Structures are given as structure tokens and as C-alpha cells.
Amino acid sequence: MKELTCVVVGGGFAGIHAIKAIRKAFQEKEVDRKLRLILLDPHPYHVRKVLLFRPAVSNEPITIPWKQVLQDDAQIVQGALQHVESEKKWLMYKDAEGQDRRVHYDLLVVAIGSVARQPEPDQGGISLNDIHTAERMREQWYTNMKLAAVTGEQEQERLLTAAVAGAGITGIETAAELAHAMRTEAVNMGIDHAKVKVHLLNAQDRLFKEGPAKASRKLESTLAEIGVIVHHREKAIREVDSHLILASGAKLPVGLTIWALGLIANPALRHMSLPLTKDGKIIVDECYRVPSAPGIYAVGDCAHIVDMESGKADQMTCKEAIPQAKRLGKIMFADLTGRQAPQHKRVLDSYSIGLGPDRGLLWTHKWGLDIILTGKLAYKTKKTLWDYVSMV
């Protein structure tokens, strides 16, 4: 039986769900070719990126061994994508030792996702990019708090103050978790927890523009309860001499500045010789196919996926990436067997936001109504989603 090699590039949420969906589609149907699934990823483990703020506040691990996530669904190859020769169906990559390698594919799924938007090098602070930068944040605020316990009042105020620049969902969740962790540690060190301040810099006129204003108000009131001060229509410029300079000219004395500036498509896409949008995403059709490259598909944050009915493009969220990945298995099987492939469908308008332990906000729009849940139930829903996207 001739072997069919399918390579999935990227072991994020879209990638691991795509592998499961492809395996399932080909197991349930009769195919005259044996499927060989390969996952190419730079890491020796799956990173739970939705929990990237956790290493900034605790020692909780956010990585899972590939064997636990995928069992025997795919062969794991540790390496970084370099280039794709779509005409010859060769994929070039650098392995874990930095050696140039290549693998031939019959089908290729690009799911290398997104990366954090970076501040300029002279802007100071720490950008929430990966586990290592998150750990640096925890080391810095913890060191600051130990110093605050033995220093004068004015310096103590600065050391107990942090700022998060960027008020998207990642920024909101990071600020909430940071405020909770710092307040908890303050009590342990004998410091008045009310002295801990976390500033959240929001360039918009309210939080959570994706939802209704009443959800924004609930978010802000909950953040205020746990020590997060929200600054609307305010942008951070740079951290200089332990002060965060704002666009308004104001200066905030801070012990730590965290940049959470949102996501951009993975820059590695620009080396793949595939059609891209101006913002660097792969152009695909309604079935996630790359039109100019037969046998290549793309899903998740790295793909420009447009709903045919509404004309709206999917955003960079796991609630959109995972349904794409699940549908992909059926699409690929249909394409291989000459059947009608299912087309992309938009997901329900809904968001869940974690606000520290046992706090959260869940919003969905259905039947013309805005449905909002807060508190423990919203947090449990968010935690269930976090676990589901990483198959925990």
C-alpha cells in the first residue's frame, strides 16, 4: 500500500487539533493509502500559550510532553520551518541541532500561528513573548517586593507598582493575575496588600471592544476590586529611569512594565513563498486550501480565513482556530477522494476572560441578546476552555 505523507507544521492549538481531526477522518473512512502524519515544531513539548501569563505569577508548568498530547497520532520532528518548495513538495527545516533538513510531503498543513507584537528595543520593560520572558517578570516583581518590605515609603510605592501596556484579552488576564499574585505575596511578607497597584494602559475608550459596553463595565469593576487601575485612551511610550512615560505626558513610577501589544502572524510565513495578505497571513479559500499551491492547507492564526456569508475574517483566537482544525480533516479526506468538501463557518460570537482565581467574565450574543456571566461560573468555563484547547 502506497504511503501518504501529511506534515503539520506547528504544534499549537490549531496544529494538535488538526492532527487529531486528520487521523480521525482517515481512520473512519476507507482509503487505499496508508497515512503517515508528521508534526514539525521547534519545541520538544506543547506550549499552552493561552496560559502564558502563568509563569509570570507562579511556578505552574504550562508545557505538556508531545506523547501525552498526541499519543501515537503523529511522528514528532523537532525543528523550525525554513522554506517550502510547493512545486516539488519539499519542506525545508532546521533540526534541533541547527542542521538543515528536508522532508517530502503529499499534504501540508501550515499552523504556525502567531507571535507577540514587539515593542522597540529602547522602550524598556519586558514583552510577554514566551515562557522565559514570563519567568523574568515573576523574578522582577518578586525581587521588588522583597526590597519593598525593607525600604522607605516613596520607594516602596514604586516597587509595589506594575504596569501592563496593552489591554486586549491577554493584557487584561495578565493584569488580573499579576494583581492577585502580588497582593497575595504582600500579605505573606507583612506588607499592606492595598499598597499593590497594577496599571492597565488601554488605547481604546473602553475595555473589550468586541463585546457590549455593559460587559466592559463589569470587567472594569472587577479589575478595580482586585487592584487593577485602568487608564483609557492612554498609550505607554517607554520606561525610563523607573518611570513609565505615557503619551499624555504623565509619568508613572513603576517597578515593572509588561508589554502585551497583541498578536501578529508568524514572521516565518514570509519565507515560505506562499500568497500572503498585507499583514502577513496565508491566503486560503473557503476550505482552507492555498489556491496556488495544491496539497497545502492553512488554519489558525496564520491563515486569512473569510466567512463567505458575512465577508468577515476570523480573528486570532482558539475558539475560531479549533473548529477550523476539526473541519480540516473532513476537507482533506473529501479532496483526496473527490467528494464535496465542507466549507468554513463562523463560530458563535462569544468570549471568556479569566480575571484571576475564581473570577471571570463570559459573554455571548445569541437570539439577539447579550448573555453575560461573571464570577466563579465564568472562571470555571474559562478553565474548561483552557484545558480543552490543549487536550488536557
Side-chain angles (χ1 to χ4, degrees), residues 4-23 25-26 35-47 49 64 66 69-70 73-115 130 263-277 280-284 287-305 316 318 320-322 324-329 331-332 335 389-391:
L4 179 74
T5 300
C6 176
V7 180
V8 177
V9 184
F13 308 121
I16 61 175
H17 282 269
I19 286 173
K20 292 287 186 180
I22 294 165
R23 175 67 71 191
F26 281 75
L35 177 67
R36 178 192 180 204
L37 264 172
I38 299 173
L39 170 66
L40 177 70
D41 191 90
H43 303 292
Y45 43 68
H46 166 68
V47 180
K49 285 183 68 177
I64 310 174
W66 289 122
V69 177
L70 297 175
D73 289 313
Q75 173 190 346
I76 310 301
V77 175
Q78 187 177 351
L81 175 68
Q82 297 296 307
H83 181 66
V84 174
E85 291 187 6
S86 56
E87 292 184 2
K88 297 180 180 179
K89 293 197 170 183
W90 283 105
L91 184 149
M92 317 300 175
Y93 68 96
K94 281 192 181 295
D95 66 16
E97 286 73 44
Q99 298 297 311
D100 290 328
R101 304 289 184 185
R102 69 176 185 172
V103 61
H104 185 270
Y105 66 86
D106 297 295
L107 300 170
L108 174 63
V109 177
V110 183
I112 60 174
S114 56
V115 299
D130 51 32
L263 302 173
I264 58 172
N266 196 318
L269 294 169
R270 299 192 180 275
H271 304 292
M272 292 185 60
S273 301
L274 297 176
L276 304 179
T277 61
K281 294 184 180 181
I282 300 175
I283 298 171
V284 298
C287 296
Y288 315 145
R289 312 179 190 103
V290 180
S292 60
I296 301 183
Y297 302 79
V299 290
D301 288 0
C302 67
H304 179 65
I305 298 173
M316 293 180 173
C318 54
E320 289 161 307
I322 292 173
Q324 295 166 15
K326 285 178 168 290
R327 190 175 294 112
L328 180 62
I331 290 171
M332 294 176 72
D335 287 350
V389 297
S390 290
M391 301 182 182

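Predicted model only: the values in this text are computed from it and were never measured.
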Specify the closest pair of heavy atoms between A111 and A14, including all atoms of both residues, with the distance to one decimal. CB-CB, 4.2 Å
Quick one: does V109's side chain get under 4.5 Å of Y288's, heavy atoms only? no
Among I296, V103, I38, which residue meets the side chain to side chain contact (heavy atoms under 4.5 Å, CB included) test with L108? I296
Using every non-hydrogen atom in the two residues, find where V389 and C318 come nearest and quote the distance to one decimal. CG1-SG, 3.7 Å
Of the non-hydrogen atoms in Y93 and R102, which two are nearest, and what is the gap between them? CE2-N, 4.0 Å
Check D95 against R101 and note the closest heavy-atom contact, atom names and distance. OD2-NE, 2.9 Å
Before accepting this row, confirm whether a basic side-chain N of the pair D73/K20 lies closer than 4.0 Å to the acidic partner's carboxylate O. yes
Without swapping roles, check the side chain of H304 against the backbone of L276 for a donor-acceptor pair under 3.5 Å. no
Indicate yes or no: at least one non-hydrogen side-chain atom of L269 is less than 4.5 angstrom from one of V110. yes
Using a 4.5 Å cut-off on heavy atoms from C-beta on, say whether the side chain of R289 contacts that of D335. yes
Classify the ring geometry between H104 and W90 as parallel (under 30°), tilted (30 to 60°) or perpendicular (over 60°). perpendicular
To check you understand the geometry: which heavy-atom pair defines the closest contact between G11 and H46, and what is its length? O-ND1, 2.9 Å
Give the minimum heavy-atom separation between L35 and C6, together with the two atoms involved. CD1-CB, 4.1 Å
